[in-house]
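The next block holds one structure in the form of structure tokens; read it before the comments.
From a predicted model like this one, the values you see are computed outputs, not experimental measurements. Per chain, numbering begins at 1; letters A, B, ... match sequence-line order.
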There are 4 protein chains.
Amino acid sequence: MATNFETSKPIYMQIVDTIFQRIVRGEIGPGEKLASVREMAIHSGVNPNTIQRSYAEMERMGVVETKRGQGTFVIEGEIIVERLRHTMQTEIISQFVKSMEELGISRQQMISRLESFLKEGEQNDDPLK
Amino acid sequence: MATNFETSKPIYMQIVDTIFQRIVRGEIGPGEKLASVREMAIHSGVNPNTIQRSYAEMERMGVVETKRGQGTFVIEGEIIVERLRHTMQTEIISQFVKSMEELGISRQQMISRLESFLKEGEQNDDPLK
Amino acid sequence: MATNFETSKPIYMQIVDTIFQRIVRGEIGPGEKLASVREMAIHSGVNPNTIQRSYAEMERMGVVETKRGQGTFVIEGEIIVERLRHTMQTEIISQFVKSMEELGISRQQMISRLESFLKEGEQNDDPLK
Amino acid sequence: MATNFETSKPIYMQIVDTIFQRIVRGEIGPGEKLASVREMAIHSGVNPNTIQRSYAEMERMGVVETKRGQGTFVIEGEIIVERLRHTMQTEIISQFVKSMEELGISRQQMISRLESFLKEGEQNDDPLK
DNA sequence: GTGGTCTAGACCACA
DNA sequence: GTGGTCTAGACCACG
């Protein structure tokens with residue numbers, strides 16, 4: 001179990017992010033129940049109020065719904081997963097492109113730099129530690 | 001003159017970023033003088049304390065130096081520009097790769113998704129503005 | 001038969017309502033600053049966290065914006081007032097109509113009953129007290 | 001300073017309201033028997049204690065009476081229905097007027113706004129879609 | 001001084 | 001048990 005929170009983003013949003021990632025990766029399917037606020041709080045080593053805030057945020061975004069007295073569930077329908085995936089992907093990519101452009105890097109260069117980075121990564125992938 | 005700050009990152013760090021970008025893009029060369037704190041404050045529509053903090057941060061990072069009574073200058077030597085460019089580029093790329101991996105996207109897919117995104121963007125690319 | 005109980009309104013939403021009323025009535029104009037979280041908390045006899053929640057909610061609704069370190073301000077532009085007025089008015093009226101219908105009162109009757117009520121009120125309006 | 005928040009309406013009072021509505025609409029006549037506490041509890045999906053409290057409240061208000069071993073009955077006489085209708089109607093109307101006044105809307109405007117609202121509602125009766 | 005986040009603990013209505 | 005709200009008190013980054 002890792003607790004390891006970045007210091008920049010609020011914890012409750014980091015939790016939202018990780019849950020969204022799990023939905024996009026298919027670890028939590030549409031219609032499935034999330035861990036209860038209290039369970040998640042213990043598991044994450046975080047105050048229940050913080051988890052509550054994450055859940056409320058996800059509900060506000062229309063990704064999750066709460067059934068009173070029963071728990072919090074991912075919205076039914078595969079569409080929600082596609083929507084999430086697309087939204088998060090686009091967010092990441094456009095942020096990347098914007099940042100690179102601000103450094104004066106052309107669009108062709110972005111791709112080659114990315115390819116170089118990925119190739120370097122392959123070499124010292126696992127062998128070391 | 002118009003200043004459109006994101007709400008997420010601290011303003012003083014956003015200012016550091018934009019100045020670093022200008023250095024990397026060659027708009028400010030090694031040895032050149034930055035605008036004074038007061039000028040920059042007025043120009044950015046931001047509190048002088050905030051600019052002061054940005055300058056202090058850049059000095060702490062070894063990118064600029066303050067000469068008493070003269071102002072704040074980018075460190076001499078082209079090496080500083082290369083160092084900055086490499087540092088910021090690597091930071092951006094590794095952040096991008098990490099985020100995409102968290103979505104369960106393979107490294108091959110990253111490149112193709114990026115290419116698609118750039119192609120779509122070409123339509124409203126440069127002709128504008 | 002539907003049971004459908006309205007959840008009694010949380011304090012933080014009641015506070016949102018009263019602030020919206022003040023905006024609609026013109027007591028707080030576009031661009032003006034709201035009382036600080038702490039001031040409002042003391043003034044309302046409520047915990048600062050609750051006020052914070054009200055402010056966050058209003059920002060989420062796009063009625064208010066926060067400038068860091070400066071305070072919370074009503075969005076610029078008279079449009080926001082018109083939008084608020086229309087939204088709240090419609091809410092009140094439709095609630096009224098719904099309640100009257102639940103009593104089996106026809107739409108024509110609603111108007112005449114309202115007129116009677118207002119006429120009665122005129123007689124003992126101000127002279128008293 | 002005092003800030004009078006509306007006491008959020010308890011469920012048992014909301015149940016009282018719905019029963020009163022049914023009496024006013026003539027669905028339950030004077031002298032008729034109400035559902036038993038247990039029936040009503042199951043039917044409403046509410047704790048029997050809560051229903052018990054609603055019945056006690058209605059008895060206190062002189063609208064129903066309890067006959068030991070027989071059940072709970074609406075008081076005899078058409079007058080009770082008239083009394084209820086008037087009380088609830090006045091409550092709804094004065095609440096409406098109060099809310100509209102809080103928005104700074106004049107009494108003349110209230111009527112015209114209500115009429116507009118009712119007219120709009122007529123259109124999307126059936127034809128529209 | 002400003003808003004934003006977090007913890008700890010409590011109570012509530014609902015199932 | 002479930003989520004939702006609220007209080008009390010604390011710390012933070014920002015201007």
Side-chain angles (χ1 to χ4, degrees), chain A residues 3 5-15 33-42 44-60 64-73, chain B residues 5 7-15 41 44-54 57, chain C residues 3-15 33-42 44-60 64-73, chain D residues 5 8-15 41-42 44-47 49-50 53:
Chain A
T3 313
F5 290 122
E6 307 170 22
T7 46
S8 51
K9 224 183 226 176
I11 293 177
Y12 79 91
M13 279 309 295
Q14 295 180 41
I15 291 171
K33 183 181 175 296
L34 299 185
S36 81
V37 169
R38 290 161 179 82
E39 281 171 1
M40 184 72 90
I42 293 170
S44 307
V46 155
N47 189 283
N49 274 330
T50 304
I51 304 293
Q52 166 61 30
R53 199 166 176 179
S54 305
Y55 280 24
E57 181 67 14
M58 290 191 292
E59 182 161 28
R60 198 186 63 73
V64 131
E65 65 183 339
T66 82
K67 296 177 186 169
R68 296 189 303 215
Q70 298 184 45
T72 302
F73 300 78
Chain B
F5 291 123
T7 46
S8 51
K9 216 184 236 177
I11 292 178
Y12 80 92
M13 279 308 295
Q14 295 181 43
I15 291 171
S44 309
V46 156
N47 191 297
N49 287 335
T50 305
I51 304 293
Q52 180 57 43
R53 201 163 174 181
S54 305
E57 179 65 14
Chain C
T3 312
N4 188 15
F5 290 125
E6 303 170 9
T7 57
S8 54
K9 213 172 240 182
I11 293 177
Y12 78 91
M13 280 307 296
Q14 296 180 39
I15 291 171
K33 182 179 175 298
L34 298 185
S36 81
V37 169
R38 290 164 179 80
E39 281 171 0
M40 184 73 90
I42 293 169
S44 307
V46 157
N47 189 285
N49 274 331
T50 303
I51 304 293
Q52 167 62 29
R53 200 167 176 177
S54 304
Y55 280 25
E57 181 67 14
M58 290 191 292
E59 183 161 28
R60 199 186 63 72
V64 131
E65 65 183 338
T66 81
K67 296 178 185 169
R68 301 205 301 215
Q70 298 184 45
T72 302
F73 300 77
Chain D
F5 290 125
S8 53
K9 206 174 250 184
I11 289 181
Y12 79 92
M13 278 308 296
Q14 296 180 41
I15 291 172
I42 294 170
S44 308
V46 157
N47 193 294
N49 288 334
T50 306
R53 200 165 174 184

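- At a threshold of 4.0 angstrom between heavy atoms, the contacts of E65(C) with the nucleic acid are absent.
- Put simply, T72(A) has a side-chain N or O that comes within less than 4.0 Å of OP1 or OP2 on dG3(F).
- Taking every heavy atom of both residues into account, K9(C) and Q14(C) meet most closely at O-NE2, 2.8 Å.
- Among all heavy-atom pairs drawn from Y55(C) and A35(C), the shortest one is OH-O, 2.6 Å.
- Comparing N47(C) and R53(B) by the nucleotide of DNA chain F whose heavy atom lies nearest to each, the residue mapping closer to the 5' end is N47(C).
- Separating the CD atom of E57(C) from the P atom of dG3(E) is a distance of 17 Å, rounded to the nearest angstrom.
- Distances shown here put every side-chain N or O of T50(C) at or beyond 4.0 Å from the OP1 or OP2 atom of dT5(F).
- In this structure, CZ of F73(A) is placed 11 Å from P of dT2(F), rounded to the nearest angstrom.
- Under 3.5 Å, the side chain of N49(A) and the base of dG9(E) form at least one donor-acceptor pair of N or O atoms.
- Projected onto DNA chain E by closest heavy-atom contact, Y12(A) and Q70(A) fall at different nucleotides, the more 5' of which corresponds to Y12(A).
- Nearest to the side-chain atoms of Q52(C) among the listed nucleotides dG3(E), dT2(E), dC6(E) stands dG3(E).
- Across all their heavy atoms, S44(A) and I51(A) have their closest contact at OG-CD1, 4.3 Å.
- Counting atom types as modelled, R38(A) pairs no side-chain N or O with a base atom of dG1(F) as donor and acceptor under 3.5 Å.
- Contact check for M58(C) versus L34(C): side-chain heavy atoms found under the 4.5 Å cut-off.
- Using a 4.0 Å cut-off, some side-chain N or O of T66(C) falls inside it from OP1 or OP2 of dG4(E).
- For dT2(E), one of the phosphate oxygens OP1 or OP2 lies less than 4.0 angstrom from a side-chain nitrogen or oxygen of S36(C).
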